[in-house]
Every structure is written in structure tokens, then in C-alpha cells.
Asker: 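Structure incoming, see below.
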Protein chains: 2
Amino acid sequence: MATIKDVAQLAGVSVGTVSRVLAKNETVKPRLQEKVEAAVRELRYKPNPVARALRTNRSDIIGLIVPDITNPFFAQLAKQVEMLAAGQGLSVMLANTHDDPAYEKQQIETLLDRSPLGILVVSASEDNAQQLATDIPIVALDRTFVSYPCVATDHEVSASLAALHLLEMGHLRIGYAAGPSETRVARARESGFVAGLTIGGKDLGVKPDLEILRGAFDFTAGEELGRIFLNRPVSQRPTAIATASDQQAIGIMRAARDLKIEVPHELTVVGFDDIPLAVLVTPRLSTIRQSISQMASSALDLLVQSKGIGEDIKYPGRLIVRGSSGPAPVF
Amino acid sequence: MATIKDVAQLAGVSVGTVSRVLAKNETVKPRLQEKVEAAVRELRYKPNPVARALRTNRSDIIGLIVPDITNPFFAQLAKQVEMLAAGQGLSVMLANTHDDPAYEKQQIETLLDRSPLGILVVSASEDNAQQLATDIPIVALDRTFVSYPCVATDHEVSASLAALHLLEMGHLRIGYAAGPSETRVARARESGFVAGLTIGGKDLGVKPDLEILRGAFDFTAGEELGRIFLNRPVSQRPTAIATASDQQAIGIMRAARDLKIEVPHELTVVGFDDIPLAVLVTPRLSTIRQSISQMASSALDLLVQSKGIGEDIKYPGRLIVRGSSGPAPVF
DNA sequence: GTGAAAGCGCTAACAC
DNA sequence: GTGTTAGCGCTTTCAC
């Protein structure tokens, strides 16, 4: 591999000059600049990122810490981050934390040792993580992390979209399958849904009935909640159920099928997340999709510009209407 | 951050000695060794990986190139690789190729510039990729890549497992939904299935009827193939269908439901891959699971030991029997 | 505006 | 056995 020295020699200039034209901005005479560029081309010279990193204490690597890359949401996030990063000549280092705060800390520290340009972390440690002693920019993604700027979905607003959707279709007996109230997201989605219902109801001059049940985010929990919601006389069961996750929603659809309740004619179901499975179930699931590419893009921007203590950024999700939602039945 | 110099000073030795105790194997007098170790602890010294990489031309980074991290199979692979790597103090750089050979080449070269310990690549360029000019070890994962050693599932053997399973349950009219014959895996799975049926049939002294239909790996193709297989008189339709992918299998189950054919009582379905969705459908899907952790582990070993031109390694998949397979119906 | 030279933190000869 | 030292390839003063 050719080094900067070879280039300097071939171009008949000093290494300093080569370095300057590589760094673009400096004031190098056009004549020399051309000679250097010619030499670079001829030798197919590419600066050694490792040497550069040693000298400048900063490499063109972005660290990405996620709980579990196997989770489709994080996988999508990772993909977007990697794509955007690659577009800027940056590489991505991936680390999983398995939702273990101690392991997360270790992973972050290992990464920090490599002097990355910055670190993006989807944190597992809800609150109790201590500030890192580093000047490497860190941005929290999806969930807050210590006091670093956080780029995330506005779960409140997003959930309220589902509420408005139900109201617009005339539903007045509504169920909400919430997530575990220990988690911040679950609480945010729940309160957003409630708020949306309240405000939307006022606007439309109606007063919807709301029943909230809580459970895990998963399929099984959804099925159980579904049975509770639906295993009662028609006049007492909700005509629409929104959930805190698509898995729950799919569980509820399963429960509905078992009880011979037809979706969407007798029951509307709206999920949250838009997981790949959402389009594979019948009917296809209406849901709220987070704006993953926007999040990735903003987070990366924050890092690259290393806007020290930036402000949190929140993006609303988008309502995706599919076959599982329809107008309220008239009994 | 403390440097090796600080440690040397505090321990009252030279940097060379410190470097030696850090490298473990050298012959350093126990007395000095202890002093150095004490100094390391006191200063919380951690060697700078960047400096080390510059000096040795090799870092403790593993490159991982996949077509698309969003694909659950690659995500699982990535997770395993990352976990195993982290256990050895190695970090993982992730890059997506979007199944584009040109982009893949670029991604590999970018990675190569960072002098990684080695690169794991799940290649998109089926055949036509040229050898890389580098002495950094490369191992192909899941699919062959140029002439580098390849760690993959033995698709033939794995598919034959499905065939034997069907025979053991007494099925004699069997359908196989193959993948697109342009892809190597599809061909391997198909021929493995056929071979399994032939050999197994001989062993059991039976001569099963086999009908093969081909289509894309996806859900929709499965549904179409399913309709062709199943939309005929009972006496002429297969009592069991194996597929080249779980998506196809799930499509077939959907087709069966539409035609009021009950799985597994009237029809056995066996997929391939064990995607997360496989346990969410009703009945749950019997399938062949690739041994992802074994693959990841072997591939990593090959890299770390940089067994130059090692041999290809193939692992058989494992049959996972679930609700979608049952004994052949007696008509 | 450009060249010379001093390191970034580390490893690996090479001396002793 | 241990210390000394010469770089790895680059950026960035500091002179001129």
C-alpha cells in the first residue's frame, strides 16, 4: 500500500503539502495541488485510517449499541445508520447489550477506547447509568440515556394518532391494551392514547368509553388481554382495540378469531410498530410506524456535528391504515 | 488516559518491559511483572488499540459483511458473531451490501483499509467476484465467496432430514415446493430432499410419489404453489409438502386453510429456516433449523487462527417437529 | 504557501 | 532479562 511519503516523493513535494491537499481546505497553490492529486491517482493512494486516528485521536467509526440486533426494530435502525454512515465514508461498529446495563457499560467503554467519531446508544439502563468521562459525542436513540441528547419517536403523539383514527371511524366503546407500566415507552404510549381520545372526543363532541388493560408487549399477552376484552356480550365489548405493540394486536386478532368475532367488521384492531409480520396476518394490521430513517438521520447528524449538548428530538409516528380497521359496527 | 510510558515510569521499568508483560508470553522476572501489573491497576491503564493497530498492522476488529441486517437470519448470525467476538475482546464492524456485488466490493475494501483481524462475508456475488489482494484472512459465511473457506449449512443433508421425517410418518404422496433454481441454496435443498426421499424410501422399502414445483422463496409464491398442489381431488393431492423456506410453507398453510384442508390431519407441511414467525402460525410450523451459533463459532475460529486456506465446513440443520406435521391420513 | 520535524502510543529489533 | 530506540503513517506546529 502506498503511503503519504510515496505520494510526496512522486509529486515532488513534502508530506506536509500532501496532507494539506488531502485535508482540502488549506491554501495550497493550484499547481502543486494538481501534481499531488495526480500522484494520488497514479499510486491509488488511500490514507491509512488507523494512522490518522492515532494522530488525531478520532477515527471515522461510529459506534452503535443496541440491546439486541435480532429485534427487527433495532435491525432496521442499524441498517439505516449503516447506510447513512457509509454514505459519508464512516464505518459502523455494532455491539449488543442483551438488555444488561452492566454489559452495556462495558461495551460502551470498549468502543470508547477505539476513539470513534461518536456513539449511538439504544440504552438498556432506563435511568441508573452514570455519565461517561469522555469528550466523544454520544447520542441516545429511541430511549433516553443519562443526559445525552436523545432522538426518539414521540410515543405520545404517535399513540394519539391511533386514538383519533378510532374516533374518526365512529368507535365509542374502545379498549386499549397497554404495555408493562414499568417501561417508559409503554407509559408514554398509554398516556398519549388517553390524551388523544380525550382531546379528539372533545373536538368531535363525543365521549368515548375507554377500558385499559395492561400486559407484556408480546403475542401471548395480547391473546390473553384479547380474551378478557372480547369474551362478553356484544353490547359490552369494545368495537375497537388499540395496542402498545403489534404483537399484542396480533394476539388480539387471534383471540377474536377464536371467539368468532370478525375483524374488521365487528372489531377494529390497531397495533403499534409496523413489524414485518403486520402485513402477513389476515386481515393485514393497521398500525403506527415509527420514522426510523428520520431518527437515524438526525442522530447521525447530531454525532457528526457533535453538537455537544443538543436538545432532544422527537418524531411523530405515522398511521398506516390497513385491513384490520373499519367503521364502528351499528348494532 | 494513561499511556504505556506512565505505567513504565510508575513501575520504574522501561516501556519495553511493560509491553512485554502486556504481551504475556515474554520472559519477565516475576518481581518486575508484579510491579508493572500494580502500576497498570493503579493507573487503570488500557492499551490504546489504535496505536497498537498502527504498529502491528492488525487490529482487534472483525468485519462482518451481510446483504441486509434486516433479514432475521443475518441478524441472528450477526448477533452470534458479535457475542462470540466480544467474548474474545474483539469488536465487530458491520456493513450491508444490499445484495449488490459492486457495493459489496467497496464495503469490503473500506473494511480492509482498517486492517481488521479478519473479515466474515455473506456474499451477494454468487460467483463472479475476484480474489482480493490482501493477506487479511477472509471467511465466507452461508454462501461461498471466491475461493475463501466457507462455513455454511449443509443444505442437502438438512433437506433430506425433512424427507426422512415425511417418510417415517408414512407419507407416500409428497410435494416439494422448491426455491428459484438460479440460486445455489435452492438447488442444494431441492436435490437434498430428492436424495433423502430416494434413499429413505429404499431403506423403508417404499416408493414415494414426488411432485416438485418451483417458485420464489416468499410467502406469495408459497400460496400459489399451495393452490396448485392442493386444488384437486383428495386422491391426487399430496398428503405432505415440504418447502425450501418457511415463508413458502406458511403460504401453503394459508392456501390449505382457504381450501378447507386441515393441517396436520389432512396435510403435513414442513418448512425450512425456522424463522420467528414459524411458532406464531397455527398450527406451529415444523421446520429445519440451521445451526447459526455453530456456524458463527467456526467461522470466527477460522479467522482468529487465520488458518489461511482452510477447508469448507458444513453443518447439518436440525429437524424441529411442531404441530404442522402428522402421520399420513388413511383414506 | 511550503518544508522540516516533532510526535500520537505502541511493538519489536537490537544492544547490553 | 531488560533498556533503548527506531519506526508504523499521519497531522500539525513552527520556521522560512
Side-chain angles (χ1 to χ4, degrees), chain A residues 1-40 43-61 89 110 112-117 134-136, chain B residues 1-40 43-61 89 110 112-117 134-136:
Chain A
M1 209 51 212
T3 78
I4 197 173
K5 230 169 161 177
D6 302 324
V7 177
Q9 202 161 0
L10 181 61
V13 299
S14 75
V15 293
T17 302
V18 177
S19 178
R20 277 182 274 261
V21 340
L22 258 43
K24 294 275 195 293
N25 56 0
E26 293 289 333
T27 45
V28 178
K29 280 257 176 72
R31 254 192 60 75
L32 289 190
Q33 179 162 325
E34 280 165 31
K35 284 179 92 167
V36 170
E37 282 163 354
V40 166
L43 296 173
R44 281 176 176 49
Y45 169 74
K46 284 190 296 184
N48 179 330
V50 179
R52 189 175 271 179
L54 175 59
R55 180 58 227 241
T56 60
N57 241 314
R58 197 111 319 172
S59 68
D60 38 7
I61 290 176
T110 309
L112 245 20
D113 287 340
R114 307 202 185 287
S115 320
L117 207 159
T134 178
D135 55 343
I136 290 176
Chain B
M1 211 49 212
T3 77
I4 198 173
K5 232 170 161 177
D6 301 325
V7 176
Q9 202 163 1
L10 182 60
V13 300
S14 74
V15 293
T17 303
V18 177
S19 178
R20 277 183 276 260
V21 340
L22 259 42
K24 294 275 196 295
N25 56 1
E26 293 288 334
T27 44
V28 179
K29 278 260 177 72
R31 254 193 60 74
L32 289 191
Q33 179 162 326
E34 279 166 30
K35 284 178 95 168
V36 170
E37 282 163 354
V40 165
L43 295 174
R44 282 174 174 53
Y45 168 76
K46 284 190 295 185
N48 180 331
V50 178
R52 188 175 273 178
L54 175 60
R55 182 57 228 245
T56 60
N57 240 317
R58 197 112 316 174
S59 70
D60 39 6
I61 291 176
T110 310
L112 245 21
D113 288 340
R114 305 201 186 290
S115 323
L117 207 159
T134 177
D135 55 342
I136 291 176

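Hydrogens, waters and symmetry mates are skipped; everything else that's a heavy atom, side chains included, is used. Convention: sequence-line order gives letters A, B, ...; per-chain numbering from 1.
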Asker: Rounded to whole angstrom units, what separation is found between the CZ atom of A/Arg58 and the P atom of C/dG9?
Answerer: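 Result: 13 Å.
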Asker: B/Gln33 versus B/Val36: any side-chain heavy-atom pair under 4.5 Å?
Answerer: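 Not in contact.
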Asker: Taking only residues two or more places apart in sequence or in another chain, which ones pass side-chain hydrogen bond (donor to acceptor under 3.5 Å, both in side chains) with B/Asn57?
Answerer: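 Counting only residues at least two positions away or on another chain, B/Asn57 forms no side-chain hydrogen bond (donor to acceptor under 3.5 Å, both in side chains).
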Asker: Would you work out how much the helix from C/dG1-D/dC16 to C/dC16-D/dG1 bends between its ends, with each end axis defined by five base pairs, to 10 degrees?
Answerer: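 Roughly 50° between the end axes, to the nearest 10°.
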Asker: Which atom names give the shortest non-hydrogen contact between B/Arg58 and B/Ile136, and what distance separates them?
Answerer: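 The answer is NH2-CG1, 3.2 Å.
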Asker: Atom CZ of A/Arg114 to atom C1' of C/dG9: distance rounded to whole Å?
Answerer: 15 Å
Asker: Evaluate B/Val13 against B/Val18 for side chain to side chain contact (heavy atoms under 4.5 Å, CB included), listing each step before the verdict.
Answerer: CA-CA 7 Å; B/Val13 300; B/Val18 177; 3.7 Å; yes
Asker: Regarding A/Val13, tell me which of base, sugar-phosphate or nothing describes its non-hydrogen contacts under 4.0 Å with the strands shown.
Answerer: sugar-phosphate
Asker: Using a 4.0 Å heavy-atom cut-off, write out nucleotides 8-16 of chain D from 5' to 3' as B (base contacted by protein), S (sugar-phosphate only) or - (no contact).
Answerer: BBBBBB---
Asker: Sequence neighbours left out, what passes side-chain hydrogen bond (donor to acceptor under 3.5 Å, both in side chains) with B/Lys46? Give chain and number order.
Answerer: A/Asp113
Asker: Please name all residues satisfying side chain to side chain contact (heavy atoms under 4.5 Å, CB included) with B/Ser19, sequence neighbours left out, ordered by chain then number.
Answerer: B/Ile4
Asker: Show the nearest heavy-atom pair for residues A/Ala11 and A/Lys35, with the distance to one decimal.
Answerer: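 It is O-CE, 3.5 Å.
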Asker: Starting at CG of B/Asp60 and ending at P of C/dC10, how long is that distance when rounded to a whole Å?
Answerer: 13 Å
Asker: My understanding is that only residues two or more places apart in sequence, or in another chain, count here; which of them pass side-chain hydrogen bond (donor to acceptor under 3.5 Å, both in side chains) with A/Lys29?
Answerer: none
